[in-house]
> 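Take a look at this one; I'll ask things after.
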Amino acid sequence: MKSNALVQKLASSLIIVHLAMTRAVQGGPNSTLAQRPNIVIFIADDLGIGDVGCFGNDTIRTPNIDRIARDGAKLTHNLAAEAICTPSRSALMTGRYPIRSGMATNYPVRIIMHTSAPSGLPSNETTIAEAAKIMGYDTALIGKWHLGVHCGMFDLFCHHPLRQGFDYYYGTPLTNLRDFGGHRKQNTYGIAFPFMYRILVSMVICGFVLSCLLWKYDVCSKMLSLFLLIVLVIPPAYVYISHSNLTLINSMIMRNYDIVEQPIDFGHVTQNLINEGVNFLEREKQADKPFLLVMSWLQVHTVLHASERFQGKSRHGPYGDNVEEMDWSVGEIMNALKRLGLLDNTLVYFTSDNGGHLEEREGEHQGGGWNGIFRGGKSQGGQDGGIRMPTVAMWKGHIEPKTVITVPTSHMDIMPTLLGLWDQPLPNDRVLDGKNIYPLLTGQDDTPPHRFMFHYCGADIHSARYVPDTEGDVFKVYYATPNWVAGRYTCSSFVCFCGGTSVIRHATPLLYNIGRDPAEVRPLDTTDPDNQRIVELVNEAVKVHQQSVETVPPQLTPLNQLPLPCLQHCCNFPYCNCRDTTQRSISK
Ligand SMILES: *[C@@H]1O[C@H](CO)[C@@H](O)[C@H](O)[C@H]1NC(C)=O
């Protein structure tokens, strides 16, 4: 473990030295080619592409996101690297498929579930924030992180945003969860893994009964009965209790390394995030430096928690209220940029981490988003409903208003695009899977940047995309599809899993032309020689890609995912309860 951490640190410092050296050689920020715009990245949580006005929704109001599209570009084929938060965000931050960072797993839990679990984005990965810092940027992350906190007792905070390139951090280290909500409170593990809960409870009961019987009938020594009691009962009881109390152990807001609020006050959280974002922009207005601000909203993930003024205002229940409030929050940051005279020199990028969660219900209403005409949703790695993101970008003077980009792009393009802007070479010690899309955004070159894209569900590739030279064609090959309930694109469990009975594997891969048939209703005949050739070409690309993936320490193993009491945060111990008083005065 220790030597591992050392190797990671070494690798990390090597790339920083490498970047710094190339910067010195090429003039970096002072070179005439390099540009250093401010960068604002908005990340919505679980927002579907069908939820946003400019992507065709006519009953939900998202004027602020629509305005970014109008003043800049709409990316209609922009893909997340995974259909679920943690791996998707890992790829966005690093420009690499999550599997390269050990952030993809075939275990059922594919996201970090505890702030006190020793797993997260490895230190040897270079995030966009670390790259920006090298280029002289001030950096801040406001909102959800979900890429880990600690490596272990002897390496505290190694995954924390402040150790991954951010100068300032305010937000939740984990994510919003159903467990955190007032009257709609529900235990996520309870609904996602009811079977596991039954096993745990049975283990506790059986262990208890067995050791009692041994004790009573003196079958062996009393010490052994006691020992059995401890060994058989405590571990499952610990797992059960910790997993049933996610609010106590995970509902918290940190400012840098300190917990400032526990549990999260959902009546105020969105306003607080806005305040923090605006405060950062005001500080940056004074500093004569470019900045990277990542605003990572807690919405529109359940628990749905619209503030009072948005409750009951939309036509789509609590879910719609949340979308509309999130859009308003985007507007508040955009207004601040404008007011401070920063907007003209700012590259703005808005996206979601994965598609709408189709299995979510909110009483009568839908509880998760809408993915438009695309099949499937959150957690279904190979399906466009889970990975095609409502993405818009603007940068005055660079991106023409009303640009529409229809060729496939990716969240992973952010890193190489920034390196391109900064006139920095791509790193030579690791693969970046994204491409520089600056020429595409600015209309200099409309060549599709990606030839092949691989769509993971966990650590397996469920489908792959091939972009041929013929305009308008985009082929998609499926190796596995979710085992949907008949007539719907949902699984019978709370989320679709990536293996076992959740998945149907296709010995003969399925083929679609998603460029011409975006809803994927017309499978192509793979016995046709032309189509067969396409499948073979994609198979070959998958093989080459898989060979390029090095084995790295897995982050999301069940053991790494266990909450450890020694890594548990708690403010105002033993109450584990505190309020952010500075916020109250800011928000009046
Ligand atoms: C707009 O979004 C809502 C909420 O997700 C959804 O129920 C509705 O079907 C969408 N409308 C269209 C036209 O896509």
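Whatever order the structure lists them in is the order used to number ligands and atoms, beginning at 1. Values reported hereafter were calculated over all heavy atoms of this structure, with side chains retained and with hydrogens, waters and symmetry mates removed.
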> Got a sec, which residues hit disulfide bond (SG atoms under 2.5 Å apart) with Cys496, two or more places apart in sequence or on another chain?
Cys491
> Note the single closest protein heavy atom to atom 7 (O) of ligand 1, along with its residue, its atom name and the distance in Å.
Gln366 OE1, 2.8 Å
> Heavy-atom distances under 4.0 Å are what count here, so tell me which part of Thr59 touches ligand 1: side chain, backbone, both or neither.
side chain
> Looking only at protein heavy atoms, which one is nearest to atom 5 (O) of ligand 1, and what is the separation?
Asp51 OD1, 2.5 Å
> Using a 4.0 Å cutoff against the non-hydrogen atoms of Ile60, which atoms of ligand 1 qualify?
2 (O), 4 (C)
> Show the atoms of ligand 1 that are less than 4.0 angstrom away from any heavy atom in Tyr319.
5 (O)
> Identify the closest protein heavy atom to atom 10 (C) of ligand 1: which residue and atom is it, and at what distance?
Asn57 ND2, 2.6 Å
> To which protein heavy atom is atom 14 (O) of ligand 1 closest, and what is the distance rounded to 0.1 Å?
Trp370 NE1, 2.9 Å
> Any chance CZ of Phe266 has more than 12 other-residue heavy atoms, nucleotides or ligands included, within less than 6.0 Å?
yes
> Using a 4.5 Å cut-off on heavy atoms from C-beta on, say whether the side chain of His462 contacts that of His455.
no
> Would you say the side chain of Ile142 lies within less than 4.5 Å of the side chain of Tyr168, judging by non-hydrogen atoms?
yes
> Can you establish whether the number of heavy atoms outside Gln311 located under 6.0 Å from its atom CD is more than 12?
yes
> Among the heavy atoms of Gly50, does any lie under 4.0 Å from an atom of ligand 1?
yes
> Report the nearest protein non-hydrogen atom to atom 13 (C) of ligand 1: residue, atom name, distance rounded to 0.1 Å.
Asp58 OD1, 3.5 Å
